[in-house]
Amino acid sequence: MNIQANDPKLTSWVAVPEDSDFPIQNIPFGVAMPPANNPRVATIIGDKVVDLLVAHDLGLFEGVAIKREVLDQSYINDLMALGKDTCRAVRNRISEFMRSDDTLGAKSHADRLLHKVSDCELLLPVKVGDYTDFYSSEEHATNVGTMFRDPDNALLPNWKHLPVGYHGRASSIVVSDTPIHRPTGQTMPADADQPVFGPCKLLDFELEMGFVVGKDSKMGERISTDQAEDYIFGLVLFNDWSARDIQKWEYVPLGPFLAKSFASTISPWVVTLDAVEPFRTAGPKQDPEVLPYLKYKGEKNYELDLEVAIQTDSGQEKTVCKSNFKYMYWNMCQQLAHHTVNGCNFKVGDMCASGTISGKSPDSYGSMLELSWKGTKSIPMPDGTERKFLKDGDRVVLRGYGIHKGVRIGFGDCAGKILPAREM
Ligand code: CA
């Protein structure tokens, strides 16, 4: 697919630092609140927020089928609902007025059009209706199965026949840099015969990617793997915070509940599926053969480097995991096809997360549960302390990006700091 805004030769009249996730080829969508202003739909180039509401007022979207009120919003849902063709036209037009040979005269309005990102509050970009979490990394599912069940039968019999998932909680999805209180709950200590109540002792992150649905489907209708990309608007980094001790006690037989629903953090900019087009790659070979409704054509995985860093109270940072989105056994199109095969409908703003993305090597595991191998290994931190799970004061940062023809397309930080449990 030839997407005009992706042209690696383009440069912007806004300076883009070399390691920026946001060159002119990215043009993600989010919601920013500039100083003394209302929230509005925005994009970002380098470290400048581009105010799309102002762009509309300046007439820069003339000829593109987008009304002002779609941009005068606290969420990008109405923008996504315009459909892929219109959103593509919007992205192409932004590319046109932000590029170096700015023929539309946007640069002369830079003082109104641009805000320093550090001056803006970045808000949750999507009003999330429903959220589903998958479990689609073979390495992660194998590690967990090995630790908690049987190394010889680590994957349950269904795992290679369908993308396993569960319905998560949408109300507690928050944007990057929202502090997270350590959850409290019920656990069963190893040496006890009665459950106890208190702060979670085994708090964890999960490195995941989330996709945002930008088109409604009808109840009773299926979305095929061929149609799925028309429904997937874009991607965010997704931290599915997890309370392992609460999870262990509560999860049988219906799966995780309060161990996951206290918070999930996403990155502030929704990177369009169009923008990650250059990073398409083949997924792992699926053996045994999948049922016909899960078969797909073409390359549906994406080569995007992912990493997790922990910043301790002292401000020092350690990268504890390096993984890649391409490791997913089940791709997003298969997830959506499976999710709707029973007639379940999707709505604009619904979100699905991939499941923890682990690779084969121990430094690519996407959770502390795996990195510390159930708490049997310690990870040394630069300030001399050690981690098996997360401590109060730790700030966890997910990062993700791909580089193609010298152009880096990334997501920005998906961060959250752990605060002590609330008083009981
Ligand atoms: Ca998860």
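For ligands, and for the atoms within them, numbers begin at 1 and follow the listed sequence. For the numbers below, each heavy atom of this structure counts, side chains included, while hydrogens, waters and symmetry mates do not.
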If you consider just the N/O/S atoms, which atom of Asp133 is the closest one to the Ca ion (ligand 1)?
OD2
Classify the angle between the aromatic ring planes of Phe233 and Phe29 as parallel (below 30°), tilted (30 to 60°) or perpendicular (above 60°).
tilted
How about Tyr131 and Phe238: are their ring centroids closer than 6.0 Å?
yes
The Ca ion (ligand 1) -> Asp240, closest N, O or S atom is OD2
Strictly below 4.0 Å, N to O, side chains only: are Glu229 and Lys84 in salt-bridge contact?
no
Closest to the Ca ion (ligand 1), which N/O/S atom of Glu208 is it?
OE2
Looking at Lys322 and Asp305, is any side-chain nitrogen of the basic one under 4.0 Å from a carboxylate oxygen of the acidic one?
no
If you check every N/O/S atom of Glu206, which is the one nearest the Ca ion (ligand 1)?
OE1
